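Here's the structure, in structure tokens; my notes come after.
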Amino acid sequence: MLESLHEWNLAPGPARALQSQLAQRLELEDRIDPVKHIAGVDIGFEDCGETTRAAVVVLRWDSATAPDLTVVEQVVHREPTRMPYIPGLLSFREIPAALGAFAKLETSPELVMVDGQGIAHPRGLGVAAHLGLWLDLPTIGVAKSRLYGKHAEVGEQRGDWTPLLAGTETIGAVLRSRAKVKPLFISPGNRITLETSLAWVTACLGKTKLPEPTRLADRLASRRDSR
DNA sequence: GCGACAG
DNA sequence: ATCTTGTCGC
């Protein structure tokens, strides 16, 4: 479609304007089909950054055997890097490759966890939120550091969390996913609330800092297991 | 004008 | 993000 051809080739100014527009289309209430498969997404780079590699890992969620998660499919997609990293415009650099990976997927996840911010973004459209609009799926942003918002100190215990604030509005949560480790920044992307996002991230937490979907996608995108 | 700044 | 070995600790 015409719009898609231009969406990924915008200059910084127009890109920021588009983010503000698209943010208004986000659904911040739960609209989630019964969850049977959860996908984790992450992007990596090769050839000194010339090639972008998107990785998607799909895990099976069994309410009966939960929190046991089994990998049912994993896909890697490579394509030329289209633009440099610019704080606040990460989605324009990573989403094209991510969509390529999803296109190769045979399984259809009902929930997606993305390495990056959801609505915890200057214009309310982090990579997880932007991808959620394109896939029309519930997405959760799971970032390893802060981009936007303020917060109090987080408790030391695993599971402790404190709201991430933009003025008086809560846009996410700073979660201590594991004791003695830097906290995670969780924020809803699309079709999900912060409360539900926290519940799913917590449910997918293994013994490491990152929830399984993102942890496995990270490993796959980081070049080690991808070949 | 001076910082801050996902991956 | 990426370049990179060993090493300290639960």
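Keep in mind that what you see is a predicted model, and the values were worked out from it rather than measured. In the text below, chain A, chain B and the rest are named by the order of the sequence lines, each starting its count at 1.
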- Could you state whether A:Leu220 and A:Val71 fall into the same hydrophobic cluster, counting links through intermediate Ile, Leu, Val, Met, Phe, Trp or Tyr residues with side-chain heavy atoms under 4.5 angstrom apart? yes
- Query: Would A:Tyr85 pass as stacked on B:dG7, i.e. its ring centre under 5.5 Å from the base's six-membered ring centre and planes under 30° apart?
  - Reply: yes
- Query: Are A:Ile86 and A:Leu90 grouped together when hydrophobic residues (ILVMFWY) are joined by side-chain heavy atoms under 4.5 angstrom apart?
  - Reply: yes
- Apply side-chain hydrogen bond (donor to acceptor under 3.5 Å, both in side chains) to the pair A:His130 and A:Gln117, showing each step before the final yes or no. CA-CA 10 Å; A:His130 201 161; A:Gln117 314 290 344; over 6 Å; no
- Message: I need the CG-C1' distance between A:Leu90 and C:dA1, as an integer number of Å.
- Response: 10 Å
- A:Glu110 side, atom CD; A:Leu137 side, atom CG - distance, nearest 0.5 Å: 8.5 Å
- Task: Identify the two heavy atoms, one from A:Tyr148 and one from A:Leu164, that lie closest to each other, and give their separation to 0.1 Å.
- Result: O-CD2, 3.6 Å
- Message: Using a 6.0 Å cut-off, check whether atom NZ of A:Lys150 has over 12 heavy atoms from anything other than its own residue.
- Response: no
- Item | Dot-bracket notation for DNA chain C, counting Watson-Crick and G-U pairs under 3.5 Å, with | for partners on another strand | ..........
- Task: Quick one: do A:Thr139 and A:Asn190 satisfy side-chain hydrogen bond (donor to acceptor under 3.5 Å, both in side chains)? Show the steps, please.
- Result: CA-CA 5 Å; A:Thr139 53; A:Asn190 186 42; 5.7 Å; no
- Message: Can you measure A:Asp218 atom CG to B:dA6 atom C1' for me and round it to whole angstrom units?
- Response: 12 Å
- Query: For the side chain of A:Arg176 and the backbone of A:Val154, is there at least one donor-acceptor N/O pair under 3.5 Å apart?
  - Reply: yes
- Partner of A:Val112 by side chain to side chain contact (heavy atoms under 4.5 Å, CB included), out of A:Ile192, A:Val56, A:Val41, A:Ile140: A:Val41
- Can you tell me the distance, in whole Å, between the CZ atom of A:Arg53 and the P atom of C:dT2? 7 Å
Restricting to nitrogen or oxygen on both sides, can you table the protein-nucleotides 8-10 of chain C pairs closer than 3.5 Å?
none

- Task: Looking only at non-hydrogen atoms, find the nearest pair between A:Lys144 and A:Lys209 and report the distance.
- Result: O-NZ, 4.4 Å
- Query: Quick one: is A:Arg146 getting a side-chain N or O under 4.0 Å of the B:dA6 phosphate, OP1 or OP2?
  - Reply: no
- Distance in angstrom units between A:Phe185 CZ and B:dG7 C1', rounded: 14 Å
- Interatomic distance, A:His151 NE2 vs B:dA4 C1' [rounded to whole Å]: 13 Å
- To the nearest Å, how far apart are A:Ile86 CD1 and B:dA4 P? 20 Å
- Take atom NZ of A:Lys150 and atom C1' of B:dA4, then tell me their distance rounded to the nearest Å. 11 Å
- Euclidean distance, atom CD of residue A:Gln117 to atom P of B:dC5 [Å, nearest integer]: 11 Å
All N/O pairs under 3.5 Å across the protein-nucleotides 4-7 of chain C interface:
none

- Closest listed nucleotide, where the reference is the side chain of A:Asp42 and the choices are B:dC5, C:dA1, B:dG7: B:dG7
- Message: Could you check whether A:Phe102 and A:His77 have their ring centres less than 6.0 Å apart?
- Response: no
- Message: Between A:Lys144 and B:dA6, is there a contact of a side-chain N or O with OP1 or OP2 at under 4.0 Å?
- Response: no
- Message: Under the side-chain hydrogen bond (donor to acceptor under 3.5 Å, both in side chains) test against A:Thr107, which residue among A:His37, A:Lys36, A:Glu73, A:Gln74 passes?
- Response: A:Glu73
